[in-house]
Amino acid sequence: MNSNIYNSPVFEMACRQFDRAADILEMDTRLRQRVKMPKRCLAVSCPIELDNGEVVVYEGFRVQHHLSMGPTKGGLRFHPKVDLGEVAALAMWMSWKCALAGLPYGGAKGGIAVDPFALSLGELERLSRRYMQEMIPFVGPNVDVMAPDVGTTPQVMAWMMDTYSSYVGSNASAVVTGKPVGLGGSEGRKEATGYGVAYFAKSYLDDLGIAPEEATAVVQGFGNVGSEAAKALNRFGVKVIAISDVSGGYHNPHGIDIGDAIKYVSKNRTLEGWNGGDQIPNDELLEIKCDILAPCALERVINETNASKLNCRIIAEGANGPTTNQADAILAENPDVLIVPDILCNSGGVIVSYFEWVQDLQSTFWTRKEVLNRLCKLLDRSKAELEAQRSKLGCSRREAALSLGIHRVAEAKRIRGLFP
Ligand code: NAD
């Protein structure tokens with residue numbers, strides 16, 4: 001199949017990762033394209049009326065990567081640069097991530113090309129509801145389950161759930177995850193992704209024999225994942241010395257006051273104007289000397305121009321796809337840098353989303369402690385499986401993670417067979 005509908009640098013990057021892992025697995029050529037290419041996609045026009053009476057049409061997408069192991073699962077991104085290729089890459093990574101964590105899902109992702117900060121709350125609600133309205137034939141608790149990603153929030157998920165429930169005529173809370181807790185959301189979901197990132201960073205610090213109290217961290221991106229990762233790192237005893245968001249970087253070698261930064265962002269939307277650290281450009285932030293570098297913003301921020309300049313011991317990939325294939329090759333030559341790959345490192349989010357879905361389907365709810373205990377068990381299992389695979393194959397952690405996830409999806413497809 002030669003398709004260019006997903007044409008984008010991010011999709012090419014995901015495909016190169018897949019090809020490398022498939023080579024390592026010596027995957028049968030009869031399976032390769034079946035496992036690699038997204039199963040289906042939908043592109044929709046979402047017209048909404050702005051507060052000033054103008055009508056604007058936004059482009060929305062949803063990609064479902066594979067349907068062989070259960071419903072599909074994946075976030076919804078509101079960002080001006082969203083395109084079909086990026087969404088397809090993110091859906092592909094979700095497939096390998098779910099399989100690595102042992103969740104009964106295929107991967108999916110959705111997005112709208114929009115700057116959500118440029119919309120009023122009313123406009124954002126109309127756009128969210130319109131997108132879900134267009135998606136109704138394509139999603140459902142047993143078909144495809146959305147969750148928050150860049151630019152979307154528990155409130156957006158609540159509007160989605162309400163729109164879908166109005167259509168089916170009954171409460172369908174399991175159609176999305178990452179909802180507010182009072183509406184069928186799970187305790188622990190808000191912090192799950194960032195907590196998982198910090199949990200893995202600490203676990204690998206332990207492996208390296210570095211005490212958390214003696215370690216420093218730099219966190220790029222201060223949204224859901226970055227702020228929660230910074231908070232949890234602090235709680236584990238690590239000193240966070242720099243943070244950043246779309247407004248720039250903030251450096252304080254004595255330690256950032258994470259609580260103050262979170263308060264500031266909840267009031268002002270971004271860190272712009274915050275005075276808790278010296279301002280530095282975002283690209284310089286990545287090169288600060290530290291033990292843990294946690295990229296928690298967007299794709300391809302660690303690339304061939306900065307990979308050799310990084311000054312950290314651990315890269316904890318909170319974001320999806322933050323490290324390009326070229327940067328991976330450069331970093332492979334540097335034995336001092338340990339990469340915790342995205343599909344392991346940020347898997348806490350989808351794991352607790354799965355818990356939320358299970359709780360909604362059963363109408364029974366767990367405490368935060370129960371959720372976090374169950375989460376840590378799965379994170380430990382995934383890490384142990386990845387490390388065993390790495391030793392067995394003698395490959396990088398990214399290759400070990402991808403090959404485990406991809407192998408499980410390929411096996412499901414092989415066993416189910418090819419319908420004539
Ligand atoms: P978010 O919208 O809550 O936060 C994104 C943050 O990145 C914001 O602080 C934004 O200002 C910042 N940012 C944007 N451009 C930047 C730039 N050029 N430099 C520095 N910072 C920049 O999004 P999120 O939910 O925290 O997601 C962040 C990343 O984590 C994404 O890659 C997402 O796919 C991934 N992820 C999210 C979840 C989840 O549960 N939300 C789960 C797994 C992976």
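Counting convention: from 1, in listed order, for ligands and their atoms alike.
- In this model, no donor atom of one side chain and acceptor atom of the other lie less than 3.5 Å apart for Thr177 and Arg189.
- The CG atom of Asn224 sits 10.0 Å away from atom OG1 of Thr153, with the distance rounded to the nearest 0.5 Å.
- Inspection of the Ser128 and Glu125 side chains reveals no N or O donor paired with an N or O acceptor under 3.5 Å.
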Could you list, one pair per line, each nitrogen or oxygen of ligand 1 together with any protein nitrogen or oxygen closer than 3.5 Å, giving atom names and the distance rounded to 0.1 Å?
from, atom 1, to, atom 2, distance (Å)
ligand 1, 2 (O), Gly151, N, 2.9
ligand 1, 3 (O), Asn224, N, 2.9
ligand 1, 9 (O), Phe222, N, 3.0
ligand 1, 9 (O), Gly223, N, 3.1
ligand 1, 11 (O), Val246, N, 3.0
ligand 1, 19 (N), Asn282, ND2, 3.0
ligand 1, 26 (O), Asn224, N, 3.2
ligand 1, 26 (O), Val225, N, 2.9
ligand 1, 30 (O), Gly318, O, 3.4
ligand 1, 32 (O), Ala297, O, 2.9
ligand 1, 32 (O), Asn320, N, 3.1
ligand 1, 34 (O), Arg77, NH2, 3.0
ligand 1, 34 (O), Asp149, OD1, 2.6
ligand 1, 34 (O), Asp149, OD2, 3.4
ligand 1, 34 (O), Asn320, ND2, 2.8
ligand 1, 40 (O), Arg189, NH1, 3.4
ligand 1, 40 (O), Arg189, NH2, 3.0
ligand 1, 40 (O), Thr193, OG1, 2.8

Cut-off 3.5 Å, no hydrogens considered: what does the side-chain donor-acceptor table look like for residues 244-251, sequence neighbours left out?
from, atom 1, to, atom 2, distance (Å)
Ser244, OG, Gly221, N, 3.4
Ser244, OG, Asn282, OD1, 2.9
Asp245, OD1, Ser247, N, 2.8
Asp245, OD1, Ser247, OG, 2.6
Asp245, OD2, Leu271, N, 2.8
Ser247, OG, Tyr250, OH, 2.8
Ser247, OG, Glu272, N, 3.3
Tyr250, OH, Leu271, O, 3.1

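- Counting only residues at least two apart or on different chains, no ring-ring contact (aromatic ring centres under 6.0 Å, His included) pair has a member in residues 120-168.
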Quick one: side chains of residues 10-18, donor-acceptor pairs under 3.5 Å with protein atoms, not counting sequence neighbours, listed by atom name and distance.
from, atom 1, to, atom 2, distance (Å)
Arg16, NE, Asn325, OD1, 2.9
Arg16, NH2, Asn325, OD1, 3.1
Gln17, OE1, Trp93, NE1, 2.7

